[in-house]
Protein chains: 2
Amino acid sequence: MKHITTKLNKLFDSHTRLGIMSLLMVHEWVEFKVLKENLGLSDGNLASHMKKLEASEFIEVRKEFVGRKPQTTYAATALGRKAFNDHLDALEDLLKQRKK
Amino acid sequence: MKHITTKLNKLFDSHTRLGIMSLLMVHEWVEFKVLKENLGLSDGNLASHMKKLEASEFIEVRKEFVGRKPQTTYAATALGRKAFNDHLDALEDLLKQRKK
DNA sequence: AATGTAACTTTGTTTTGCAAAGTGCTTTTA
DNA sequence: TAAAAGCACTTTGCAAAACAAAGTTACATT
């Protein structure tokens, strides 16, 4: 007897990482600063969440200079998109229960 | 600029409590043992999650004897149902983004 | 008397989450 | 040109959370 929630990805339990991923699903490349401001996170906090997502190869990092300032941008990988979509599928199943 | 995820309830970040609540939304009264088996949790683990939900008055506990055996059952309170539905509403908003 | 079942509580370890401060590099401002 | 500021971290440190494992209480069965 396996419950729906066993199909949820633990990495996406965190509402912070849920927010990060949902932004990366909508916009191809997103700046560190933009993520930080949208989600209201401290630098360190955001950096550590990104590291976790990177460790699972769910996101890709690009570091470049714009003008002469460093700029870090992130994008979801195919693997990340798949994992996140699977997670959302499971959430959708959960939501279906309350309709009927 | 507030992101959708700020509307999520932190208590329901945990996929375990998400599972517990979704079971309590569907069935009025659910036994400790049933929750435990459905979600694949240890006694202690489940008990501590239930305590957290109880502390927020999201669930109600009923202890009785069936035959002469003790039996604990749980139900979601009106407050709990409201909070959970609000959480699910926020998740639904999140899911809407990927349709378009 | 010994074993079993239900529902915990306690203990302890590991993992998170997050804030605060510090770092390295570069650019802007006084 | 020295100081301040911006970007993206890393490090430190702490408090809360997750969870397993073992112990507890109370009754029931064998």
Side-chain angles (χ1 to χ4, degrees), chain A residues 1-3 5-21 23-24 27 29-56 58-75 87, chain B residues 1-3 5-21 23-24 27 29-56 58-75 87:
Chain A
M1 295 286 143
K2 282 264 177 71
H3 192 258
T5 50
T6 58
K7 274 189 259 170
L8 293 171
N9 191 321
K10 271 194 176 185
L11 242 190
F12 302 133
D13 265 14
S14 149
H15 64 272
T16 298
R17 285 189 298 268
L18 208 63
I20 292 166
M21 284 305 291
L23 283 170
L24 296 184
H27 310 97
W29 290 94
V30 184
E31 296 165 38
F32 185 93
K33 205 190 159 190
V34 170
L35 288 173
K36 192 187 130 183
E37 283 165 5
N38 266 273
L39 303 168
L41 302 170
S42 67
D43 289 7
N45 197 188
L46 174 57
S48 75
H49 281 297
M50 296 320 274
K51 224 170 155 178
K52 239 166 246 177
L53 291 170
E54 219 191 318
S56 301
F58 285 177
I59 60 170
E60 195 182 332
V61 186
R62 190 162 64 185
K63 284 159 196 283
E64 46 184 357
F65 280 83
V66 172
R68 280 277 186 103
K69 281 191 191 175
Q71 186 182 270
T72 305
T73 47
Y74 302 91
H87 184 81
Chain B
M1 295 287 143
K2 283 264 177 70
H3 192 258
T5 49
T6 58
K7 275 190 260 169
L8 294 171
N9 191 321
K10 272 194 174 185
L11 242 189
F12 302 133
D13 266 13
S14 151
H15 64 272
T16 299
R17 285 189 298 269
L18 209 62
I20 292 166
M21 284 305 291
L23 284 170
L24 296 184
H27 310 97
W29 289 94
V30 184
E31 295 165 40
F32 184 94
K33 205 191 159 189
V34 171
L35 288 173
K36 192 187 128 181
E37 282 166 4
N38 267 274
L39 302 168
L41 304 170
S42 67
D43 289 7
N45 198 188
L46 175 56
S48 74
H49 281 297
M50 296 320 272
K51 224 169 154 179
K52 241 167 245 175
L53 291 170
E54 219 191 317
S56 301
F58 285 177
I59 61 168
E60 196 182 331
V61 186
R62 191 162 66 183
K63 284 160 195 284
E64 47 183 357
F65 280 83
V66 172
R68 280 277 188 102
K69 281 189 190 175
Q71 187 182 270
T72 305
T73 47
Y74 301 91
H87 184 81

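In what follows, every chain begins at residue 1, and chains take the letters A, B, ... in the order their sequences are listed. Keep in mind it's a predicted model, so treat the numbers as computed, not measured.
- Heavy atoms of A/Lys33 sit under 4.0 angstrom from primed sugar atoms or phosphate atoms, though from no base atom.
- Judged by distance alone, the side chain of B/Arg17 and the main-chain N or O of B/Leu53 form no donor-acceptor pair under 3.5 Å.
- Taking CG from A/Leu18 and OG1 from B/Thr5, the interatomic distance works out to 7.0 Å, rounded to the nearest 0.5 Å.
- Minimum heavy-atom separation, A/Leu8 to A/His87: CD2-CE1, 3.6 Å.
- The 5' end of DNA chain D is approached more closely, in terms of each residue's nearest nucleotide, by B/Ser14 than by the other of B/Ser14 and B/Gly44.
- Rounded to whole Å, the distance from CG on A/Asp43 to P on D/dA5 is 16 Å.
- Within 4.0 Å (heavy atoms only), A/Thr16 reaches sugar-phosphate atoms of the nucleic acid but no base atom.
- What separates CG of A/Leu11 from C1' of D/dA18 is a distance of 15 Å, to the nearest Å.
- Note: CD (A/Gln71) to C1' (C/dT26) measures 14 Å, nearest angstrom.
- Regarding B/Leu53, its CG atom lies at a distance of 10 Å from the P atom of D/dA18, rounded to whole Å.
- Taking 4.0 angstrom as the limit, A/Ser42 places a side-chain polar atom (N or O) nearer than this to OP1 or OP2 of C/dA19.
- Within the 4.0 angstrom heavy-atom criterion, no nucleotide atom of any strand lies near B/Ser48.
- Proximity note for A/Lys10 (side chain, C-beta onward) versus D/dA20, D/dA18, D/dC19: the nearest is D/dC19.
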- Would B/Phe58 and B/Ile20 count as a side-chain contact (heavy atoms from CB on, under 4.5 Å) if you check the C-alpha gap in whole Å, the side-chain angles of each, and the deciding distance to 0.1 Å? CA-CA 11 Å; B/Phe58 285 177; B/Ile20 292 166; over 6 Å; no

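- Rounded to whole Å, the distance from CG on B/Asp13 to C1' on C/dT15 is 15 Å.
- For A/Arg17, a side-chain nitrogen or oxygen approaches OP1 or OP2 of C/dG17 to under 4.0 Å.
- Distances shown here put a side-chain N or O of B/His49 below 4.0 Å from the OP1 or OP2 atom of D/dC19.
- One can place CG of A/Leu46 at 13 Å from C1' of C/dG17, the figure rounded to the nearest angstrom.
- Rounded to an integer number of Å, the gap from A/Tyr74 OH to D/dA8 P is 8 Å.
- Two residues, B/Thr72 and A/Asn45, neighbour DNA chain C, and the one matched to the more 5' nucleotide by heavy-atom proximity is B/Thr72.
- Among the heavy atoms of the strands lying under 4.0 Å from B/Lys52 are primed sugar atoms or P, OP1, OP2 only; no base atom is included.
- Applying side-chain contact (heavy atoms from CB on, under 4.5 Å) to A/Tyr74 and the options A/Leu35, A/Val30, A/Val34 leaves one that passes, A/Leu35.
- Nearest to the side chain of A/Lys63, among D/dA8, D/dT10, D/dC19, sits D/dA8.
- Between B/Glu37 atom CD and C/dT5 atom P there is a gap of 12 Å when expressed in whole angstrom units.
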